[in-house]
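Keep in mind it's a predicted model, so treat the numbers as computed, not measured. Scope of the values below: all heavy atoms of this structure, side chains included, with no hydrogens, waters or symmetry mates.
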Amino acid sequence: MAGAKRRKKSAMWRKIHALRCEDIKLWCVRRLPILKWAPSYNLKENLIPDTVSGMMLAIQQVPQGLAFAVLSSVHPVFGLYGSLFPVIIYAVFGMGRHVATGTFALTSLISANAVERLVSSASNNFTTSNNSGVLGLSEFEMQRIGVAAAVSFLGGIIQVAMFVLHLGSATFLLTEPVISAMTTGAATHVVTSQVKYLLGMKMPYISGPLGFFYIYAYIFENIKSVQLEALLLSLVSLVVLVLVKELNEKFKRKIKVVLPIDFILVSMKSSIRLLAFQSLQLFN
């Protein structure tokens, strides 16, 4: 009788143990989608197309990373570093195949707001020769990237907490007009923050309530300081970008590789600037 009870107890504990292992395995698969798709990944059919797509996105991410770093008010080199890790993390934890990951304009603007408030350009008392020894950057630049890193880390903690609490389902409560208004407003603020670069103007950082209107008021008050060379170069670049992207979209079924016009423009401008700088040195 005692032996039968022991066998029943041991069988029950084995079932409980098996159930717990299955639950843990199911939880891991749900939280780590790579465990689900990686074992069934077809190397022969998908490796080459995925490699080409990854290379094209990497090339496109170079100018975008540099631009988003400038938008965040940090040194452009950190935009390249910040573009590497999000895609690797999303490959492990991501659940959507068509979601764009990495840095984007809205978070860059939020980060720039904190950077400019805590380490503003007006408080830059460091000389260019006062380097910190890290990447040859000044102490001023290192302070700025420290603030941006702290903001990013805090944002990551908040997102992890939202993930644990399953707050992603709350997005179903947002209607389409609300999302459209948010994206339109974000795009408007991003364009406004880049107007000074399009016009070649030097202007202080303006934020806060009605900062959108103060920026354009400052531009119209100092309209004579617009550099025509920068304006012309900006207009030509915008026209080329729009035309090439429309052509890529129109002939995407006929061409195998999309033309990375963003990277080409950045490379051309960098080469022209380098040649002009070397020519000035030779003449001087």
Validation row: Leu199, Gln227 side chains within 4.5 angstrom (heavy atoms): no
Donor-acceptor under 3.5 Å (Thr184 side chain, Ala181 main chain): no
Any donor-acceptor N/O pair, Ser111 side chain to Thr107 backbone, under 3.5 Å: no
Separation between OG1 of Thr192 and CD1 of Ile219, rounded to the nearest 0.5 Å: 8.0 Å
Check: Val115 main-chain N/O paired with Arg144 side-chain donor or acceptor under 3.5 Å: no
Interatomic distance, Asn113 atom CG to Ser193 atom OG [nearest 0.5 angstrom]: 11.5 Å
Residue list, ring-ring contact (aromatic ring centres under 6.0 Å, His included) with Tyr216, at least two apart or on another chain: Phe212
Spatial distance of atom CG (Leu232) from atom CD (Glu229) [nearest 0.5 Å]: 8.5 Å
Gap between atom NE2 of His75 and atom CG of Leu80 - 0.5 Å precision: 10.5 Å
same_hphob_cluster(Phe68, Ile88) at 4.5 Å side-chain heavy-atom cutoff: no
Same apolar cluster (I L V M F W Y, side chains within < 4.5 Å links), Val244/Leu241: yes
Inter-residue atom distance Tyr214.OH - Met203.CE, 0.5 Å rounding: 13.0 Å
Donor-acceptor pair, side chain of Tyr41 and main chain of Asn46, under 3.5 angstrom: yes
Side-chain heavy-atom pair Pro204, Tyr218 within 4.5 angstrom cut-off: yes
